[in-house]
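Take a look at the structure below.
Being a predicted model, the structure only gives us computed values, none of them experimental. Keep in mind that the numbers below use all heavy atoms, side chains included, and drop hydrogens, waters and symmetry copies.
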Amino acid sequence: QVQPVESGGGLVQAGGSLRLSCAASGRTVIDYAMGWFRQSPGKEREFVAAVSRNGSSTYYADSVKGRFTISRGNAKNTVYLQMNSLKPEDTAVYYCAATLSRASDPSGYRYWGQGTQVTVSS
C-alpha cells in the first residue's frame, strides 16, 4: 500500500506559476502509476494529469495541456505538477493519487492524499 502526501499549494495571481509535490511512502512505490486530480466547490473531482510507473508516459486533461507538466522525481517516490499560466478556473483542491492500474485510467486510482488548496486570483 502507498500513502501520498501533497504540498506546495497556495495563492497566486492569474498568469503565475506553482509547483505541487507529492511524496508517496510505501515499500513498493515504483509499482504505482501516479496522478493529480482536482475538485472545486460544487463540482465533481476531475482528472488533471498522470505519469506512468517509470515516468516515460504522461497524460493530461485538455484543460491543462500545454500549461501543466507532471513528472516523477529521481527516486521515483515523488511526483511533481508544474503549473504555469494559471487561470482563476484552476482554483481547486488538488489531490495526488496512486494506482496499480494504468496511469491513463482515472477510475483505477485507489490511494489518495488529503489534498492541497490552489487559489488563483484574477
Please, which pairs that meet ring pair (Phe, Tyr, Trp, His ring centres under 6.0 Å) have at least one residue in residues 63-115, sequence neighbours excluded?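 The answer is Tyr32-Tyr111, Phe37-Tyr109, Phe37-Trp112.
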If I compare all heavy atoms of [X] with all of [Y], which pair ends up nearest, and what's the gap?
X: Ser122; Y: Pro88; result: CB-CG, 3.8 Å
X: Ser25; Y: Val2; result: O-CG2, 3.1 Å
X: Ser85; Y: Ser17; result: N-OG, 4.4 Å

If I take atom [atom1] from residue [X] and atom [atom2] from residue [Y], how far apart are they, to the nearest 0.5 angstrom?
X: Glu6; Y: Leu81; atom1: CD; atom2: CG; answer: 11.0 Å
X: Ser7; Y: Gln114; atom1: OG; atom2: CD; answer: 13.5 Å
X: Trp36; Y: Thr116; atom1: CH2; atom2: OG1; answer: 7.5 Å
X: Ile70; Y: Cys96; atom1: CD1; atom2: SG; answer: 7.5 Å
X: Gln82; Y: Ser21; atom1: CD; atom2: OG; answer: 9.5 Å
X: Phe47; Y: Ser107; atom1: CZ; atom2: OG; answer: 11.5 Å

Partners meeting salt bridge (Lys or Arg N to Asp or Glu O under 4.0 Å) with Glu46 (sequence neighbours left out):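 Counting only residues at least two positions away or on another chain, Glu46 forms a salt bridge (Lys or Arg N to Asp or Glu O under 4.0 Å) with Arg38.
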With Arg67 via salt bridge (Lys or Arg N to Asp or Glu O under 4.0 Å) - residues at least two apart: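 Asp90.
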Indicate yes or no for a side-chain donor-acceptor contact from [X] to the backbone of [Y] under 3.5 Å, with no hydrogens or angles considered.
X: Thr91; Y: Thr119; answer: no
X: Arg72; Y: Ser52; answer: yes
X: Arg53; Y: Leu100; answer: yes
X: Thr99; Y: Gly108; answer: yes

Out of the candidates Leu11, Asn84, Leu86, only one should pair with Leu18 under the side-chain contact (heavy atoms from CB on, under 4.5 Å) rule; please name it.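 The side-chain contact (heavy atoms from CB on, under 4.5 Å) with Leu18 is passed solely by Leu86 among Leu11, Asn84, Leu86.
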Are more than 12 heavy atoms from other residues, nucleotides or ligands located less than 6.0 Å from atom NZ of Lys43?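 Open.
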Check the hydrophobic clustering (I, L, V, M, F, W, Y; side-chain heavy atoms under 4.5 Å; chains of links allowed) and say if Val79 and Tyr59 are grouped together.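 Val79 and Tyr59: separate clusters.
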Report yes or no: do Met83 and Tyr60 belong to one cluster of Ile/Leu/Val/Met/Phe/Trp/Tyr joined by side chain heavy-atom distances under 4.5 Å?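 Yes, one cluster joins them.
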Gln13 and Val120, any side-chain heavy atoms less than 4.5 Å apart: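 They are not in side-chain contact.
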